[in-house]
Visitor: 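Before we start, here is the structure in question, set down as structure tokens.
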Amino acid sequence: MKKTLLCSLAVAGIFGAASANAATVTASQIQTYGQAVVNYITQNPTIAGLTTSDVQMLQTVYGELATSSQVSAYTSVYNNVLQSSAGCAGIGTYPSINSTNISTCASDMVTALSAAGYTTSSAALGAGVAIAAAAGMPLTIPGTSVTVSPSSSPTTVPSAIARTVTETISTAIVPQIQRATSVQQATIISNVISNIFSSRAPNAPGAPMRVSLGNEKGMAAGNTPAKLNAWVNASDTTIGSSATASMFDGYVTNAIGGIDYRISDKFVAGLSAGYDRVALDFKFAGLTNSGLVSTGWMVAPYASYQLSDIFSVDAAYGYAEGDVDTRSSGVTTTQNYDRNFFALNLNANYWISDWQLTGKANYIFAEENVATTNRMEQLRLGGQVGYWIKGIMPYASLTYVRDLKVSTGGITPAGLDDDSLVASVGANLFSKGALSGGISYTEEFDRADSKNRSFMANIGYRF
């Protein structure tokens with residue numbers, strides 16, 4: 001079924017009309033009719049007379065009609081034609097209709113839409129919907145004898161669709177959400193606190209010892225180094241899946257800040273808090289107008305201890321809670337969730353002239369409780385090379401990631417990759433005072449059918 005035939009098919013399938021000048025319609029009526037068709041197709045994906053691609057196209061176009069921000073503009077055109085077109089005025093009264101006038105009315109609408117610059121398939125289909133809505137009659141799905149009335153629109157998602165969405169979220173999407181929220185937050189905190197001691201034993205002239213130890217380097221004898229460090233970090237992560245059974249796209253925003261206190265030359269403790277927002281669009285199971293939005297708050301105490309001039313160890317525990325809205329074919333359900341994570345990290349730092357070499361081993365445990373209890377255990381082993389250039393240190397890193405355990409509701413999802421590589425490039429910036437900052441880009445590779453890439457910026461101040 002070609003898109004150019006959609007309008008004529010829509011018109012040919014309409015039964016109903018109005019006497020004299022046709023009644024006006026509202027944008028709400030148009031969108032309700034459109035959503036009714038989407039709901040019907042969702043519940044009945046196989047329709048006699050239509051191919052699978054026909055059904056998918058109709059579902060997409062009617063979905064656009066049901067959700068488009070331009071429907072009010074379309075409706076203004078429809079109403080002008082309903083009131084001015086002789087064809088619309090002469091349709092007749094159901095069941096005695098004038099098919100010629102129906103075609104003329106629809107043609108006049110398409111012409112008016114084109115003149116107004118509205119040439120989308122959804123705008124053209126809306127012309128047929130408007131005629132049906134003005135007559136107060138059900139709309140027949142193009143190319144079939146199936147009629148759909150807005151009064152029959154379901155108020156809940158069909159159980160089979162709801163089950164498919166729930167299962168797919170649990171088994172295929174939750175692990176990616178956990179990596180982009182709990183694991184990302186744990187990694188951000190670890191990077192901040194591991195940098196606290198990263199320059200204790202620099203061999204490079206001008207290496208940024210002051211950033212980690214409160215401007216100690218070059219200070220007059222007897223001055224007390226700053227003990228408090230405040231920092232903020234913001235990141236935007238794009239995640240998604242290209243697998244047919246779990247196809248989705250979206251992004252995750254993390255904003256985290258913290259403050260820590262240097263109790264001694266070897267021990268630092270602090271507290272961080274953060275906000276995250278997840279917004280996803282689902283594209284599996286033939287869904288339209290479906291997705292997920294969640295927001296939550298997190299708090300995480302952390303500590304770091306310097307083992308030697310090269311090695312340090314740090315740990316953090318985080319707890320978060322919030323709400324998640326899951327949308328399935330326009331029907332939204334809201335649930336509360338709570339998350340927690342624990343991270344334990346061993347860090348190594350060594351300077352060779354102006355080159356800084358660092359290594360990190362991370363163990364991260366993350367748990368999320370929503371419809372099910374979802375757990376993830378992850379091991380990360382990585383290295384980074386940086387070069388000190390008078391207050392700027394560009395760097396590149398590579399990390400091997402191994403998911404030791406992934407479970408949803410106590411079940412390990414099948415077909416998930418359990419390892420990947422994470423590459424990052426960025427630069428840390430240091431002022432002559434107590435201010436520091438940085439920017440970076442990170443991307444995960446070698447995990448089938450999935451994407452995870454982040455832009456990140458941070459700033460810190462010692463006082």
Side-chain angles (χ1 to χ4, degrees), residues 164-191 235 237-252 254 276 278 280 282-285 292 294 315-318 320 337 339-347 359-384 396-424 441-454 456:
T164 298
V165 171
T166 300
E167 291 175 351
T168 304
I169 292 174
S170 296
T171 59
I173 298 177
V174 162
Q176 291 211 55
I177 293 176
Q178 285 184 292
R179 294 184 190 109
T181 53
S182 296
V183 173
Q184 174 100 317
Q185 291 163 357
T187 303
I188 288 171
I189 295 170
S190 175
N191 288 340
S235 65
T237 302
T238 300
I239 62 175
S241 171
S242 59
T244 302
S246 60
M247 189 178 296
F248 77 96
D249 279 302
Y251 65 89
V252 179
N254 283 293
D276 65 75
V278 181
L280 309 179
F282 299 154
K283 302 178 181 179
F284 54 88
L292 176 154
S294 74
Y317 171 78
Y337 73 81
R339 300 190 190 114
N340 64 83
F341 66 80
F342 171 74
L344 181 63
N345 315 290
L346 177 64
N347 313 289
K360 183 184 287 286
N362 311 73
Y363 169 78
I364 300 173
F365 171 86
E367 182 178 84
E368 178 185 74
N369 297 294
V370 56
T372 58
T373 297
N374 312 300
R375 295 188 176 92
M376 174 178 289
E377 292 182 63
Q378 194 176 89
L379 178 66
R380 303 167 71 95
L381 300 172
Q384 177 177 297
S397 68
L398 186 65
T399 301
Y400 170 73
V401 178
R402 177 78 176 186
D403 293 337
L404 302 177
K405 181 178 181 180
V406 176
S407 67
T408 60
I411 300 173
T412 300
L416 291 180
D417 272 1
D418 55 11
D419 58 3
S420 67
L421 293 173
V422 176
S424 180
Y441 171 77
T442 301
E443 184 166 348
E444 185 176 48
F445 298 92
D446 201 32
R447 201 183 287 274
D449 300 320
S450 70
K451 63 182 177 183
N452 185 316
R453 50 179 180 264
S454 301
M456 189 178 301

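Model, not experiment: these values are computed from the prediction.
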Visitor: Using side-chain hydrogen bond (donor to acceptor under 3.5 Å, both in side chains) as the criterion, list what pairs up with Ser235, not counting sequence neighbours.
Guide: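 side-chain hydrogen bond (donor to acceptor under 3.5 Å, both in side chains) list for Ser235, sorted by chain: Gln184.
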Visitor: Are the side chains of Phe248 and Leu292 in touch, meaning some heavy atoms are under 4.5 Å apart?
Guide: no
Visitor: Quick one: side-chain contact (heavy atoms from CB on, under 4.5 Å) partners of Ser424, sequence neighbours excluded?
Guide: Tyr395, Ser397, Ser440, Thr442
Visitor: Who passes side-chain hydrogen bond (donor to acceptor under 3.5 Å, both in side chains) against Ser450, sequence neighbours left out?
Guide: none
Visitor: What distance separates Leu404 CG from Met376 CE, expressed to the nearest 0.5 Å?
Guide: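 Reported to 0.5 Å precision, the distance equals 10.5 Å.
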Visitor: Is any side-chain heavy atom of Tyr400 closer than 4.5 Å to a side-chain heavy atom of Leu421?
Guide: yes
Visitor: If you take all heavy atoms of Asn369 and Glu367, which pair is closest and at what distance?
Guide: ND2-OE1, 3.6 Å
Visitor: Provide the closest heavy-atom pair for Val252 versus Asn254 in the form atom of the first, atom of the second, distance.
Guide: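 What the structure gives for the nearest pair is CG1-ND2, 3.9 Å.
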Visitor: State, to 0.1 Å, how close Tyr363 and Asn345 come at their nearest heavy-atom pair, and which atoms those are.
Guide: N-OD1, 4.3 Å
Visitor: Determine, stepwise, if the pair Lys360 / Ser190 fulfils side-chain contact (heavy atoms from CB on, under 4.5 Å).
Guide: CA-CA 10 Å; Lys360 183 184 287 286; Ser190 175; 3.1 Å; yes
Visitor: Of all the heavy-atom pairs spanning Ala315 and Leu344, show the shortest one and how long it is.
Guide: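 What the structure gives for the nearest pair is CB-CD1, 4.0 Å.
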Visitor: Using the test salt bridge (Lys or Arg N to Asp or Glu O under 4.0 Å), find all partners of Arg339 that sit at least two apart in sequence or belong to another chain.
Guide: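 Salt bridge (Lys or Arg N to Asp or Glu O under 4.0 Å) check on Arg339 returns Asp276, Glu368.
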Visitor: With side chains defined as the heavy atoms from C-beta onward, is the minimum distance between Phe365 and Asn340 less than 4.5 Å?
Guide: yes
Visitor: For Asp419, give me all partners under salt bridge (Lys or Arg N to Asp or Glu O under 4.0 Å), at least two apart in sequence or on another chain.
Guide: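 Arg402.
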Visitor: Are Arg447 and Gln176 close enough that some pair of their side-chain heavy atoms sits under 4.5 Å apart?
Guide: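 Arg447 vs Gln176: side chains apart.
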Visitor: Could you state the interatomic distance from CZ (Arg453) to OH (Tyr251), rounded to the nearest 0.5 Å?
Guide: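 Rounded to the nearest 0.5 Å, the CZ-OH separation comes to 15.0 Å.
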Visitor: For the side chain to side chain contact (heavy atoms under 4.5 Å, CB included) test, which of Thr399, Val401, Asn452 pairs with Ser420?
Guide: Val401
Visitor: Hey, what do you get for CG (Leu379) to CG (Leu381), rounding to the nearest 0.5 Å?
Guide: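 Here the interatomic distance stands at 4.5 Å.
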Visitor: Where do Thr181 and Ile177 come nearest, in terms of heavy atoms and distance?
Guide: OG1-O, 2.7 Å
Visitor: Closest heavy-atom contact between Phe341 and Ser182?
Guide: CD2-O, 4.0 Å
Visitor: Find out whether Thr187 and Arg380 are in side-chain contact, i.e. whether some heavy atom of one side chain is under 4.5 Å from a heavy atom of the other.
Guide: yes
Visitor: Can you list everything that forms a ring-ring contact (aromatic ring centres under 6.0 Å, His included) with Tyr441? Sequence neighbours excluded, please.
Guide: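 Expected list: Phe455.
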Visitor: So do Asp249 and Lys451 actually touch side chain to side chain, heavy atoms under 4.5 Å?
Guide: yes
